[in-house]
Amino acid sequence: MKNSYAVVDLETTNANWHDNGRIIQFGCALIENGEITKIFNQKVNPEVPIPSRITALTGLSDEDVKDAPTFKEIAPDIFKLLKDKIFIAHNVNFDLPFLNRELNRVGLNELNVKAIDTVELAQIMFPTVSSYKLQDLTSYLSIEHDNPHSADSDALVTAKLFLIIESQIRDLPMTTLKSLVNLGTQTIRETNLVFKNIYEQRSGSQKLLPDYLYEKNGLVLRKKNFHISDQIDKRSSYPNTENKKRAALKGKLDYRQNQADLMDHIYKTANLRQKNKKWNLIEAPTGSGKTLGYLLPLSYMINSGQKLIIATTTKVLQQQIVEQSIPLLNQVTNNSYHAEIVRSSYNFIDLDCFYESIENYQGHRHTALLKMKIMVWLTITTTGNLDELHLTNYNNPLFTIIRHRGEVKENTIFAKDDFWYYQQNRCQESLILVTNQAYLARHLDSTLWGDNSYLVIDEANHFADNLRNVASPTVDFFRLNEYVKKLSDILYQNRVTLRYAFTEVTTQLWNYQDLQDMETHFEAIDELMQRLEFNLFENNVENFVGFEDRSSFVHLLLQQADFQKDNPDLINLLSDLIVELSMVVNRIDVLFDQYNFQRNFISVELSRVISNLIIENAKIRTTLESMDELLQVIQELDAAFGIEIDMRDYYEPNTLKLSWRQYDITDLITETTDSFSQIFAIGAAITIQKDFSHFILDLQLDEEQINEMLILPDSNDMAHNSKIYIPKDVPDVTKLSNDDYYSMVTKHIVEILDNMDHQTMILFNSLSTLEAVYNKLMETDVKEKWEILAQGVTGTNEKIKKRFAIGNRSVLLGANSFWEGVDFPNKLLEILIVTRIPFESPEMLDVKVRQEVMAKNGFNVFQADTLPRAILQLRQGLGRLVRTPHDRGVILLLDNRILTKNYGKTIVNSLPSGLPIVEDNMRSIKKDINKFLK
């Protein structure tokens, strides 16, 4: 009966069987010899009330099931149907246990059957999919799914999904399939049966690999083209008239006057550049087409030496430029430009390390599943970029082992297949490079950028903060103690294995004497750490914490003068500790090099030891880099910085954590200026009342460095296409406790969504507030009528953005990156709720340091920094709403300070001219919204 499957789906009153959960619908699709032969659909009277949220989800009410049989009446037939079949479900560890408990409840035996999980199969076989919900998979695979959350419909599409997965497995290379069978012992229940059965069926026949694949040492990889072939007509010229631009854009994009003005301005500036005046500041409001606005003119300026570098803020923006804007540029110019995203080596898989980890690093069940996923992914990917796996987190220790460290591969098994080398080669050849602002700041001396290239800083309002982030790391002494101890324990506990290994090898790059010497280093590190921690405590904590605060968590913010005062021993201790830690890290690196060189003669047991050493060594290396930066900062006599000190326990100095924040970024600005021929700093909101002064001050630009400043007009007519509403009953948010504030925000969200049918996004100032409001919303009826998506709670930013874009009754709760850079045109977003004016917390280290320096220099901190930053953030948020001249949308602002405080007029005057602000009761607001959005 191995080819006979029963694909089951249950609809229940509650996901928890112990909490009065009962079955209300049983769906089953039978698969015989690869075909769906029969579908069963049975409503069930649960003999308990069906909650309203379940009715909203499934469409089944108490009325619908009142005449249906009870589970006890149909249980014998269900048992008979399933007892000789292999049980399949999408999340089998819900459906099978639930069904068995119900069988037990009515006095029948449990089903003792083999079971397969299609969620896990899909995770392995579709490794780049961002969501494995049944609805999302059916959409991805174009499986018709008429009635989601109806048991018979879900069972049918799960059966179709299973058959597609089976087909995909049959098409796998035999080498990959064999690896999956070996790793599959860790899969849920008997899910590995699918791989084993197909492997046995195919074991007699060897199918040749398709041309696009090749095998290397048991891994099947996709062939990749190491070279870029840009096809550019050098004879073509920039369309410098309106008619030429209209002709180029015809059939591809609407002609927009402000976009054309931006193109002409950039083209003229790039041709008439001045040697010392390199910075061009441009405010291009939402909908002005700024990306093509700079891509088109600069595409006519670049060549093999003089590239175009685009620095953005998020991965989403980087992908958007490469996948949408560059193809559009090619259509408009009839050329074939290629853009490459420049990423850290950390983003890429190291094939040599992954190959070793397959056998030598076991981890837990999830590690085996991850290896299976990667095995399949390697037959698909040409980049080796681990982000393609779309995991919600990359905290599995396996990633510490298999992430690329950026070293040049020589004489290793996969040296010629190295993804990092491949990416570097393509970046060298590509004329257009897209990268992260922080990565650019860390690698300004890279040869990838070419000579005298053009730099576009997109979303330029973040550039100053990103430069400061680069110079502002953290050292957690408690964690560092843990890493060093773990490394020492691994070496000590495996000393016999290591002693034997290093008497056998002939290279002697690392020997048993090195192992003994490590103990000396560990003793020195332990002593230095204790002295350093006590020094920091004695000089920077003891005198700053009163007796009444010593029983709680210690949190201090110190100015440079306080931290540095009369403490020459600090520099010596830090220097000595850095030397000792460097000796340990470097010795482990040498050990790893010898391991690679001697690989064929080293045992599996030793390989496991090496894998664990690599994990801890990587953690120490990261902290070591931060300590080195701290040492450099505190030795600069004129540096302006602040120190944040946290201690979990006042009486335990080894729980110290240091963070520091530099204000001065003039050196990085100078280095950026010197590295490029022209710099275009572009953003949708970088001026305050049409003035660039705040932006120039924040970026610490010299007026002599600025070539031109340009402000493009708003083409979306926000004043006509949008409104701001403020409910009359909104209290002063500064006078509310946290709980009262969360309740107030939740109340207004529930009220605005009731009987509404418009996609809604809610913007928060912090993720903690977002999560608190999300939890309160989930206690209301909103969740029964709307899909609630919450950043950091229900999925990754990319995942919830995609779900929101395909939804029709979705609410997205966002913070941070959702204030800008997300694009929801054409009624995908119609209501924007801003929970409060986005003032920064003055207790944040970077804010405190920045504002202390500004105050010393005679600035009114609120007027020069706090208020402008809040205005810019608010403008960015409003820009999410009206993305094209045809969009209409409304803003609900749950903060009346824009009307009641003196600074409110400044905020209003900085918003699009003529934008209506309406204060009214919620009933009138909702009525007006429906009329406005009709």
Side-chain angles (χ1 to χ4, degrees), residues 344-346 400 403 405-407 438-446 466-488 518 521-522 524-536 539-540 558 560 563-564 567-590 592 613-646 653-654 656-668 671 845-846 849:
S344 163
S345 64
Y346 189 72
T400 305
R403 285 187 186 278
R405 294 191 293 166
E407 76 274 26
Y439 184 88
L440 174 74
R442 287 191 177 93
H443 302 88
L444 282 167
D445 59 349
S446 172
N466 277 320
L467 292 180
R468 292 189 182 99
N469 286 337
V470 166
S472 306
T474 296
V475 175
D476 188 330
F477 286 94
F478 184 79
R479 293 285 184 206
L480 181 58
N481 272 304
E482 286 185 336
Y483 304 152
V484 173
K485 185 178 185 308
K486 186 74 178 290
L487 195 68
S488 174
M518 290 288 269
H521 292 304
F522 286 131
I525 288 169
D526 186 52
E527 181 187 347
L528 285 166
M529 290 270 277
Q530 290 185 40
R531 290 173 59 194
L532 180 60
E533 289 157 0
F534 185 74
N535 178 290
L536 288 166
N539 287 281
N540 302 289
L558 304 179
Q560 175 205 3
F563 180 76
Q564 190 63 356
N567 193 1
D569 289 342
L570 177 62
I571 291 174
N572 294 330
L573 288 168
L574 258 177
S575 300
D576 291 346
L577 181 57
I578 287 169
V579 169
E580 290 294 336
L581 286 168
S582 298
M583 293 288 286
V584 168
V585 167
N586 292 336
R587 280 176 181 264
I588 298 297
D589 283 344
V590 172
F592 182 61
L613 288 172
I614 293 167
I615 292 173
E616 301 310 317
N617 208 44
K619 296 174 185 175
I620 296 174
R621 185 185 292 107
T622 300
T623 308
L624 188 55
E625 290 169 0
S626 297
M627 291 182 73
D628 193 46
E629 289 184 44
L630 171 62
L631 181 61
Q632 292 176 45
V633 168
I634 63 177
Q635 289 184 99
E636 293 178 21
L637 298 177
D638 59 346
F641 66 91
I643 294 286
E644 182 175 33
I645 299 178
D646 290 325
N654 69 343
L656 267 163
K657 183 170 82 169
L658 284 185
S659 305
W660 59 98
R661 187 79 178 177
Q662 277 190 273
Y663 174 75
D664 188 4
I665 53 174
T666 51
D667 287 345
L668 282 170
E671 193 177 351
L845 177 62
D846 55 334
V849 171

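Computed from a predicted structure; not experimentally measured.
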Euclidean distance, [Y] [atom2] relative to [X] [atom1], rounded to 0.5 Å:
{"X": "T622", "Y": "N617", "atom1": "OG1", "atom2": "CG", "value": "10.0 Å"}
{"X": "T474", "Y": "E644", "atom1": "OG1", "atom2": "CD", "value": "8.0 Å"}
{"X": "L532", "Y": "I525", "atom1": "CG", "atom2": "CD1", "value": "12.5 Å"}
{"X": "N535", "Y": "L570", "atom1": "CG", "atom2": "CG", "value": "5.5 Å"}
{"X": "L574", "Y": "D569", "atom1": "CG", "atom2": "CG", "value": "11.5 Å"}
{"X": "I614", "Y": "R403", "atom1": "CD1", "atom2": "CZ", "value": "14.5 Å"}

_Between S575 and I571, does the side-chain contact (heavy atoms from CB on, under 4.5 Å) criterion hold? Intermediate values first, please._
CA-CA 6 Å; S575 300; I571 291 174; 4.1 Å; yes

*For A524, check side chain to side chain contact (heavy atoms under 4.5 Å, CB included) against everything at least two apart and list the hits.*
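With sequence neighbours excluded, A524 shows a side chain to side chain contact (heavy atoms under 4.5 Å, CB included) to E580, given in chain and number order.
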
*Would you please name every residue forming a side chain to side chain contact (heavy atoms under 4.5 Å, CB included) with F534, sequence neighbours left out?*
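Partners of F534 by the side chain to side chain contact (heavy atoms under 4.5 Å, CB included) criterion, ordered by chain and then number, come out as E538.
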
On a heavy-atom basis, which atom in [X] and which in [Y] lie closest, and how many Å separate them?
{"X": "E671", "Y": "L444", "answer": "OE2-CB, 3.5 Å"}
{"X": "S345", "Y": "G406", "answer": "OG-N, 3.3 Å"}
{"X": "I620", "Y": "L487", "answer": "CD1-CD2, 3.8 Å"}
{"X": "L658", "Y": "L630", "answer": "CD1-CD2, 3.9 Å"}
{"X": "L668", "Y": "A441", "answer": "CD2-O, 4.1 Å"}
{"X": "I665", "Y": "R468", "answer": "CG2-CG, 3.5 Å"}

Side-chain donor-acceptor pairs of residues 478-485 under 3.5 Å, sequence neighbours excluded:
unit_1, atom_1, unit_2, atom_2, d
R479, NH1, E482, OE1, 3.2
N481, ND2, F477, O, 3.0
N481, ND2, E533, OE2, 2.9
K485, NZ, D489, OD2, 3.0

_Any carboxylate oxygen within less than 4.0 angstrom of a Lys/Arg side-chain nitrogen, looking at R405 and D589?_
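Salt bridge: yes.
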
*Should we count CZ of R621 as having more than 12 external heavy atoms under 6.0 Å?*
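Counting other residues, nucleotides and ligands, CZ of R621 exceeds 12 neighbours.
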
_More than 12 heavy atoms of other residues, nucleotides or ligands under 6.0 Å from NZ of K657: yes or no?_
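For K657, atom NZ is not crowded (no more than 12 foreign heavy atoms under 6.0 Å).
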
*Take K619 and K486 through the test side-chain contact (heavy atoms from CB on, under 4.5 Å) and record every step on the way to the result.*
CA-CA 11 Å; K619 296 174 185 175; K486 186 74 178 290; over 6 Å; no

*Would you call M518 and I588 a side-chain contact if the rule is heavy atoms closer than 4.5 Å?*
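M518 reaches I588 side chain to side chain.
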
